[in-house]
Amino acid sequence: MNDMTVPNPSTATRVPPPAPLGMLAELTHRCPLSCPYCSNPVDLEKRSLELDTEIWKRVFSEAAAMGVLHLHLSGGEPTARRDIVELTAHAVKVGLYTNLITSGIGVTYDKLKELADAGLDHVQLSIQDALPDNADRIAGLKGAHEKKRILAGQVLELGLPLTINAVIHRANIENIEALVNMALEFGARRVEIAHSQYYGWALENRNMLMPTREQVMAAAATVERLREELQGKLVIDAVVPDYYARLPKPCVGGWGKQSLNVTPQGKVLPCHAAETIPHLVFDYVTDKSLSEIWEHGSAFEAYRGTSWMKEPCTSCPRKEIDFGGCRCQALAITGDPANADPACSLSPFHAKITSLALKAADSGKTDYVYRSFGGVEGRPKVQITRNNGAPV
Ligand code: SF4
Ligand code: FES
């Protein structure tokens, strides 16, 4: 990684960026499930480090004041926070549209009703598979699937709109039609067919999760057919997975452009995997206001806009469309987050991502490294420090 390009903040744009549309609040990394593709970092933040109620409420007020519209209450499992109803009520009070992103485990009917009464706008429920035993194996918890089914019924009973989110990988890609039918049966208005993205836990599990190209192509055809058949009944969101794409997606809608993440201990990130980029320095909501971090934080300025780009992006007509794709994937595959996302066929590393996909899909491995607070065996833990260098 010696040749990694570290952007010079003095050359980054100083024009204040427009407000983000959405904020993902990772209220806690605690979760009853252990999914091997979890988007949380490999070094999970402990309960003792979590922000308290008043700080989260202040952050929500700041988010609303700066123009954020959507607040995604996430985790881990956000309902593991005892103050989830108070936090939701506050977010509603300050005018944010609230979306609860839940595993559905440990959420009682009474709790859900309290959330609905507090003004919760929407529920997004994750489903691991349509086959209960396989779903429980992927989630790492026996009986999880049945609890999700029950929760979906309660969400409908309370009149809340429901989206089903299914992360797709080798162990469930052949069941997409059944997953979509299950979303319909659950009464969802939308289903997200979200192919696993290979950072953090999913990168550790790439050999166990990667589907074959044939499976991906068949899945895409199934989604297209179902979209036609279910028009007006169910919205199906799906994109081609990066390792089999020819054009990259504008990851997080462009770095520092549309969204931000706040971790359980208050670190503010441009995307959920930003901590994998080692030279970035992150600010904390306990030290600075959210708007100051969004507008001037060095991690946000590092890859905002297009001035940090290298060829082939610099001279590419798509650079304002996809913003060079994903910085975290560029780092993971090419060693430099300022390179074009290797999902792009113009990237000199495109052949590498293709061969990694083939190798991983052919590995025949099935034993997951489940998400846990112990991190990954044999990997040194990241020393967490504040932006002023003080230990947390
Ligand atoms: Fe996007 Fe860069 Fe590829 Fe152009 S060269 S399509 S800007 S990743
Ligand atoms: Fe970090 Fe794509 S996940 S930019």
Side-chain angles (χ1 to χ4, degrees), residues 1 4-7 12 17 20-24 26 37-43 72 74 101 167 192 194-206 209 239-263 267-282 294 297-354 382:
M1 222 170 291
M4 185 164 77
T5 307
V6 178
L21 295 174
M23 176 170 117
L24 186 85
E26 290 176 5
Y37 47 73
C38 180
S39 64
N40 288 158
V42 168
D43 290 312
H72 305 284
S74 178
I101 301 179
V167 175
E192 293 177 359
H195 286 272
S196 178
Q197 296 188 294
Y198 296 98
Y199 327 109
W201 289 102
L203 193 56
E204 296 296 333
N205 283 292
R206 188 168 58 190
L209 296 170
V239 288
V240 176
D242 289 336
Y243 279 54
Y244 292 109
R246 294 194 59 75
L247 288 173
K249 62 183 181 309
C251 197
V252 290
W255 185 275
K257 192 171 166 60
Q258 292 191 356
S259 64
L260 49 76
N261 288 19
V262 183
T263 74
K267 212 183 295 174
V268 188
L269 310 177
C271 71
H272 60 267
E275 288 171 280
T276 60
I277 303 179
H279 69 83
L280 294 181
V281 176
F282 302 103
W294 171 256
S298 63
F300 282 86
E301 294 210 333
Y303 300 109
R304 183 175 268 145
T306 55
S307 60
W308 52 270
M309 285 179 171
K310 296 162 55 170
E311 289 294 356
C313 297
T314 317
S315 52
C316 177
R318 282 183 56 86
K319 71 178 176 186
E320 298 279 357
I321 298 170
D322 64 31
F323 302 97
C326 177
R327 298 308 89 233
C328 303
Q329 187 151 269
L331 172 71
I333 308 280
T334 78
D336 185 346
N339 278 334
D341 185 333
C344 176
S345 56
L346 299 175
S347 159
F349 295 90
H350 188 64
K352 185 172 176 188
I353 202 169
T354 309
V382 172

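Read the numbers this way: they start at 1 and go in the same order the structure lists the ligands and their atoms.
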* Asked: For ligand 2, which atoms, with element, lie under 4.0 Å from some heavy atom of Cys271?
  -> 1 (Fe), 3 (S), 4 (S)
* To do: For Tyr199, counting its heavy atoms only, list the atoms of ligand 2 lying under 4.0 Å from any of them.
  => 2 (Fe), 3 (S)
From [X] [atom1] over to [Y] [atom2], what is the distance, rounded to the nearest 0.5 angstrom?
X: Lys319; Y: Cys313; atom1: NZ; atom2: SG; value: 9.0 Å
X: Asp341; Y: Ile353; atom1: CG; atom2: CD1; value: 6.0 Å
X: His350; Y: Ile333; atom1: NE2; atom2: CD1; value: 11.5 Å
X: Tyr198; Y: Cys326; atom1: OH; atom2: SG; value: 13.5 Å

* **Protein contact to atom 4 (S) of ligand 2 [nearest heavy atom, distance to 0.1 Å]** => Arg327 N, 3.4 Å
* Flag the pair Asp336 / Lys310 as yes when at least one side-chain heavy-atom distance between them is below 4.5 Å, and no otherwise. => yes
* **Atoms of protein origin (N, O or S) under 2.8 Å from atom 2 (Fe) of ligand 1** => Cys313 SG
* Asked: In degrees, rounded to 10 degrees, what angle do Cys251 atom SG and Cys326 atom SG make at atom 2 (Fe) of ligand 2?
  -> 110°
* Asked: Between Trp255 and Val252, is there a donor-acceptor pair closer than 3.5 Å when you use the side chain of the first and the backbone of the second?
  -> no
* Asked: Tyr243 and His195: aromatic ring centres closer than 6.0 Å?
  -> no
* Pairs involving residues 243-263, ordered by first then second residue, that meet salt bridge (charged side-chain N to carboxylate O under 4.0 Å, His left out) (sequence neighbours left out) -> Asp242-Lys249
